[in-house]
Every structure is written in C-alpha cells, then in structure tokens.
Amino acid sequence: MRTTNKYESFVSNVTKWGIDHLGVFPWRFCEDSYKILITEILLVRTSRDKVNAIWQDFFARFPTISALAKSTPSEISSIIHPLGLQRIRASQILELAIRLVEELDGIVPLNIDALARLKGVGQYVASATICFLTGEKTLVIDSNINRVIDRFFSGEDHDNYKSSMTILERILPLDNLDVRMFYFSLIDLGYEYCRRVPDCEKCVLRTSCSYNIHRH
DNA sequence: ATCCAGTCAC
DNA sequence: GTGACTGGAT
C-alpha cells in the first residue's frame, strides 16, 4: 500500500468537489475547436455569466469559422457588446477567422505555439483551448487557478505564476488525473470561494489549505 | 478613487 | 519591461 502525497490529495479533493458543483456551460466539454477558441477569447477579462448570455446567439449566427469570416466588425460587435471590449475583440475575432480560413483552411491549429502565434491568442488562451478540447495535459494558469494553488500550497499570494507552474508540473503527470475536470473544478473553486477576499469557511479545501490554516 | 485582469503594441 | 483596452470589485 502507498500513501497519497499532497498533490494527489489536492487533486482528489478538488475533483471530488467538482463532480457535484461544477458550473454547467455550453463551452465545457464542447467538441468544436472553433467554439472553444473563440469562447476562451471572449472569456478574457469577462465574466462567465456575460459570455453565457450571448453564447447561443453568437454561435447560432456564426456556426463555423467561415461564417464568422464573412461577417463584419459591426455585426460581431453588436452581438458581443454586452461583454465590453467589443470593438477591439470584434475586429480581432474577425481578423482571426479570416486568417484561419485563408491560411489554414479554416482549421484551428492544435498545438500551443501555432495557436499563440495568432493575433489575439496568447499563451493562456492557446493552452486552455488545447487542454479543454483534447484533454491534453497542458499548463493552464490564469489568475484564479494561480490564486487557489498559491494559497493552498504556500499560504500566500504571489505576483507571478512561477510557483503555480512548478506545482502544476508535478500534478499533471499523475495517473488517473482527469485534467479537464481538475481545471474546471479549480476554476470554479476560485470563483466560488477563493476570491481576492476569500470565503474560507465555506471552502471544501479549508482543512488542508495553507492559507486558511496559517492565517490564525 | 484605485486596483485588477490576458493580450498586444510599444 | 510599461501602458492601454473596459468593466467589475473593493
């Protein structure tokens, strides 16, 4: 028999919580690379609820990359305007779609570097798109994931993603890791409890989290 | 009033 | 590396 280490128990607690509490969004476990990519771009600095509110309309109007590529900035802008950043993102998304159609046969490249080379797609969106589409164990770190991991393992917030990266590199190779369930659960834990001002009393990780244990 | 967030342009 | 984009949280 072997003992479970701190990474395994973290994964297990996070994922177990997620089974019953994961938010249900149409872009989770979506099998369309185009929809995942565009959605991740729309989610940058934008609340999930706002994206959710326009999601069906957006993809009903633009069901494919080529449909999107034939649109105009103002039409895209009018659909995404409740999200903010609409003018910037409308032209960004349109240019992205046109470029995908013209240079890549309308096919979203499925490796991080090729994705991140596209304008409007940074490291985070590229990595998240690959992982959430294929289940590949890529590093997906946004401020929420970073905050949960920093607090749980070190008890304090750091201004860069370095320590989270190191810890995730230990976690990702674990057997039996459902990486999508794990990341979605982590994101939702961050959203529900591990805000800038946390609600540790309600958090399922409170008895093992360094941040909660050491602040008393 | 100030801070914060992914990304791009600088 | 810094500022800007825009809206939300504090």
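Letters A, B, ... mirror the listed sequences (proteins, then strands); counts begin at 1. It should be emphasised that the depicted structure is a prediction, and the values quoted were computed from it without experimental measurement.
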Let me know the distance between [atom1] of [X] and [atom2] of [N], rounded to the nearest Å.
{"X": "A:Asp49", "N": "C:dA9", "atom1": "CG", "atom2": "P", "answer": "10 Å"}
{"X": "A:Arg45", "N": "C:dA4", "atom1": "CZ", "atom2": "P", "answer": "13 Å"}
{"X": "A:Asp199", "N": "C:dT10", "atom1": "CG", "atom2": "P", "answer": "11 Å"}
{"X": "A:Arg48", "N": "C:dA9", "atom1": "CZ", "atom2": "C1'", "answer": "16 Å"}

Checking ring-ring contact (aromatic ring centres under 6.0 Å, His included) between A:Phe132 and each of A:Phe184, A:Tyr124, A:Phe182, A:Phe25, which is the one that passes? A:Phe184
Test item: side-chain donor near acceptor, A:Ser71 and A:Arg61, under 3.5 Å: no
Going 5' to 3' along DNA chain B, between which two nucleotides do contacts with chain A fall, using a heavy-atom cut-off of 4.0 Å? B:dC4 to B:dA9
Could you tell me if the ring centre of A:Tyr34 sits under 6.0 Å from that of A:Phe62? no
Rounded to the nearest 0.5 angstrom, the CD1-CG distance for A:Ile149 and A:Leu168 is 3.5 Å
Pairwise distance CG(A:Leu100) to CD1(A:Ile38) - rounded to 0.5 angstrom: 7.5 Å
Whichever of A:Gly84 and A:Arg195 has the more 5' nearest nucleotide on DNA chain C, that residue is A:Gly84
Residue mapping more 5' on DNA chain C - nearest nucleotide basis, A:Ser47 or A:Ile88: A:Ile88
In terms of the nearest nucleotide of DNA chain B, which residue is placed more toward the 5' end: A:Arg196 or A:Tyr124? A:Arg196
Is the ring pair A:Phe10/A:Phe152 parallel, tilted or perpendicular, if the boundaries are 30 and 60 degrees? tilted
NA contact type, A:Leu43, heavy-atom cut-off 4.0 Å: base, sugar-phosphate, or nothing? nothing
